[in-house]
Amino acid sequence: MDMKIGVIKGDGIGPEIVDEAMKVLDRIAEVYGHSITYTRLLMGGESIDVNGVPLTDETLEQAKESDAVLMGSIGGDAKTSPWYRLEPSKRPEAGLLSLRKGLNLFANLRPAVLYTDLKEACPLREEIADKGFDMVIMRELTGGLYFGDRSTEVIDGVTVAKDELVYSDTEIRRIAKRGFDIAMKRRKKVTSVDKANVLDSSRLWRKVVEEVAEEYPDVTLEHMLVDNCAMQLVKDPTQFDVILTENMFGDILSDEASMVTGSIGMLASASLNETKFGLYEPSGGSAPDIAGQGIANPIATILSAAMMLRYSFDLDREAQAIEDAVGDVLKDGYRTADIMSGGMKQIGTKEMGERICAYIK
Ligand code: NAD
């Protein structure tokens, strides 16, 4: 297969971790006979330095012409970086928001995987952590409470603040379809999370999700109220495969799910639209505190590249090969500083990338 991949290395640790993910992709291409063309795209702080703005129209067009985009992370230290003396619309993060909007990325996918070899990092009780878990959270990203009308006004001497939570059936249907598509590539279970005992928007959510489920007879659908889901994530995370939910619930639950895995350096993510296109990036930021030291953990970015192969290119076997290689490297005791524990062998960013490549056979 010929793959056209846009690459945003970004700021801080971005270039270090993306270089390792590109090495792993090149190794996959070599072993499985694919060809990859990379197009370097500037976004965030590095684009401000070169172009004066965090995202140019040309870069957005180039991103649209790619099959998928792999990204490191953008941004700097808000206290010391000159980028943060610019007005908010010119800062690095504004580039990311414009990119997501310009590419119509309405679905955010965040896996939360606990490798049994990293279970010491898991804050849950031993008998829960021992079982490991592997779920993804599919969060709607462009609707709901964060995008509704809001106002604060004084009515009869009382200050009243209001935020509107709006969802249309079309918005729900398109994210639900993406959620079921993802489940078809996994253990074929969707847990749709809502607050249908209280909210109209959740009752519509549930109705539309049930309609979509009819198109996917192989997938088991269950509904769960968001408050129960928050409890179940720490009580028995093994029960989840795909959690499908709206914007605000997903915001909170995905952070909770990632916390129980223990390390930010392990967390991949993808933002998807209605096509096969996706933007793949680690969940963490640009970590200016450790940038340039060669100690950042590249695994989240490498696992994001695996997600790219699976979801944008349907290369499930190749994605699995990367995930297995990551598991094997951890099993053999290699750790970057952030996931280091007693008796393990500490290695840097480059060596972690190289070891993962070497385990891909
Ligand atoms: P951060 O995620 O960059 O760092 C938080 C902590 O996690 C730091 O101690 C850092 O060293 C550590 N960390 C993060 N990734 C790591 C990795 N791969 N390996 C080892 N340790 C890692 O969050 P922050 O400090 O709040 O933000 C720093 C900058 O990143 C800010 O400018 C912020 O706006 C930006 N940011 C960007 C994105 C993005 O590009 N999508 C996301 C979040 C934050």
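In each ligand, atom 1 is the first atom listed, and ligand 1 is the first ligand listed.
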So, do Val113 and Met266 sit near enough that their side-chain heavy atoms are less than 4.5 Å apart? no
Side chain or backbone of Asp11 under 4.0 Å from ligand 1, or both, or neither, by non-hydrogen atoms? neither
Protein heavy-atom partner closest to atom 7 (O) of ligand 1 - residue, atom, separation in Å: Ile264 CG2, 3.7 Å
Answer with yes or no whether the hydrophobic clustering places Val166 together with Phe249; edges join I, L, V, M, F, W, Y residues whose side-chain heavy atoms lie under 4.5 Å apart. no
Output yes when the distance from some N or O of ligand 1 to some N or O of Ala287 is under 3.5 Å, and no in every other case. yes
Number the atoms of ligand 1 from 1 as they appear, then name those within less than 4.0 Å of a heavy atom of Gly284, with their elements. 2 (O), 42 (C)
State, yes or no, whether a side-chain contact exists between Leu204 and Ile172 at a heavy-atom distance under 4.5 Å. yes
Could you find the nearest protein heavy atom to atom 16 (C) of ligand 1 and give me its residue, atom name and distance? Ile13 CD1, 4.0 Å
Does Tyr84, backbone or side chain, put an N or O under 3.5 Å from an N or O of ligand 1? yes
Ile17 heavy atom under 4.0 Å from ligand 1: no
As a test of the contact definition, would atom 31 (C) of ligand 1 count as having a protein heavy-atom neighbour under 4.0 Å? yes
Which residue supplies the protein heavy atom nearest to atom 1 (P) of ligand 1, what is that atom called, and how far is it? Gly285 N, 3.5 Å
Taking only heavy atoms of Ser73 into account, list the atoms of ligand 1 that are under 4.0 Å away from them. 40 (O)
With nothing but distance in play, are any N or O atoms of Gly76 less than 3.5 Å from an N or O of ligand 1? yes
If we ignore angles and hydrogens, is there a donor and acceptor under 3.5 Å between the side chains of Tyr280 and Ser271? no
To the closest 0.5 Å, what do you measure between NZ (Lys189) and CD (Gln239)? 5.5 Å
Per side chain to side chain contact (heavy atoms under 4.5 Å, CB included), Ile48 is matched among Asp11, Leu86, Val53 by Leu86
Can you check whether a protein heavy atom sits less than 4.0 angstrom from atom 40 (O) of ligand 1? yes
Residue and atom name of the nearest protein heavy atom (relative to atom 28 (C) of ligand 1), distance in Å to one decimal: Pro288 CD, 3.5 Å
Can you confirm whether more than 12 heavy atoms, excluding those of Lys276, are under 6.0 Å from its NZ atom? yes
Contact check, Ala300 vs ligand 1, heavy-atom distance below 4.0 Å: no
Look at atom 17 (C) of ligand 1 and find which of Leu279, Ile8, Asn297 reaches it with the closest heavy atom. Asn297
Measure the distance from atom 21 (N) of ligand 1 to every protein heavy atom, then report the residue, atom name and distance (to 0.1 Å) of the closest one. Ile290 CD1, 3.6 Å
May I ask you to check if ligand 1 and Gly75 share an N or O to N or O distance below 3.5 Å? no
Suppose we measure from atom 29 (C) of ligand 1 to each protein heavy atom; which comes out shortest, and what is that distance? Ser286 OG, 3.2 Å
Short N or O distance, Glu281 and ligand 1, threshold 3.5 Å exclusive: yes
Would you say ligand 1 has an N or O under 3.5 Å from any N or O of Ile74? yes
Identify the protein heavy atom lying closest to atom 34 (O) of ligand 1, giving its residue, its atom name and the separation to 0.1 Å. Glu93 OE2, 2.5 Å
Do Met22 and Val31 sit in one hydrophobic cluster, given that two such residues count as connected whenever their side-chain heavy atoms are within less than 4.5 Å of each other, even indirectly? yes
Within 6.0 angstrom of Lys235 NZ, more than 12 heavy atoms from elsewhere: no
Aromatic Tyr84 / basic Arg91 pairing, under 6.0 angstrom, 45° off normal: no
How many angstroms lie between atom CD1 of Ile339 and atom CE of Met344, to the nearest 0.5 angstrom? 10.0 Å
CZ of Arg85 to NZ of Lys90, rounded to nearest 0.5 Å, is 16.0 Å
Counting both backbone and side chain atoms, is some N or O of Asp289 under 3.5 Å from an N or O of ligand 1? yes
For atom CZ of Arg125, decide whether the heavy atoms of other residues, nucleotides or ligands shown that lie under 6.0 angstrom number more than 12. no
For Ala296, counting its heavy atoms only, list the atoms of ligand 1 lying under 4.0 Å from any of them. 19 (N)
With a 6.0 Å cut-off (strictly less than), is the heavy-atom count around CD of Glu87, excluding the residue itself, greater than 12? yes
